[in-house]
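Below: the structure, in structure tokens.
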Amino acid sequence: MKLSAAEAFELVSAELDGCRKCESDAAAHQRALALGFVDRESSDPQTLTNSIYTDDRGDTVTLTQRWHDSSGPFQNAPDIHKIRVTLSQSGRPPLENMVAWEQ
């Protein structure tokens, strides 16, 4: 039996602190793929990971990792990386967990 989106959300969200400590989305992304998430193409060059899971009811979980260069003119600042896990269920507001780090 397929996991509910809420269960998949909790399992992937549990990996986020480790991702922040390791400064990599690898643990969350590997866990997501093992649960049946599907990688999607992104035309945004700042999106490193873009995966989705859909359960039997049509509820979804998305996993994204994005980065941006926080440097400005005449500045050298670290890149900012953010991993976000979002649960979308019919008739409910979205739930979201996110971690970020500088690199």
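Nearest heavy-atom pair across A8 and V61 is CB-CG2, 4.3 Å. Pairing each heavy atom of C19 with each of A27, the nearest pair is SG-CB, 4.2 Å. The nearest pair of heavy atoms linking A26 to S24 is N-OG, 3.1 Å. For A28 against L16, the heavy-atom pair with the smallest separation is CB-CD2, 4.4 Å. Among all heavy-atom pairs drawn from F9 and L87, the shortest one is CD1-CB, 3.6 Å. Of all the heavy atoms in A6 and Q89, the pair that sits closest is CB-NE2, 4.0 Å.
The number of heavy atoms from other shown groups lying within 6.0 Å of CZ (R57) does not exceed 12.
Side-chain atoms of E7 come within 3.5 Å of backbone N or O of S4 as a donor-acceptor pair. Checked by atom type and distance alone, the side chain of D55 pairs as donor or acceptor with a backbone atom of A5 at under 3.5 Å. Between the side chain of K2 and the backbone N or O of T54 there is at least one donor-acceptor pair closer than 3.5 Å. Judged by distance alone, with hydrogens and angles left aside, the side-chain atoms of S70 form a donor-acceptor pair with the main-chain N or O of P78 at under 3.5 Å.
Of the residues N50, T47, I83, the one that meets the side-chain contact (heavy atoms from CB on, under 4.5 Å) test with Q65 is I83.
Between T86 and T60, every side-chain heavy-atom pair lies at or beyond the 4.5 Å cut-off. At a threshold of 4.5 Å between non-hydrogen side-chain atoms, the residues L3 and Y53 count as touching. A 4.5 Å side-chain heavy-atom check between W67 and L48 finds at least one atom pair inside the cut-off. Counting heavy atoms from C-beta outward, V12 and L35 have side chains that approach closer than 4.5 Å. Residues D39 and L33 form a side-chain contact, since some pair of their non-hydrogen atoms from C-beta on lies under 4.5 Å apart.
Side-chain polar atoms of H81 and Q103 form a donor-acceptor pair below 3.5 angstrom. Under 3.5 Å, the side chains of S42 and D44 contain no donor-acceptor pair of N or O atoms.
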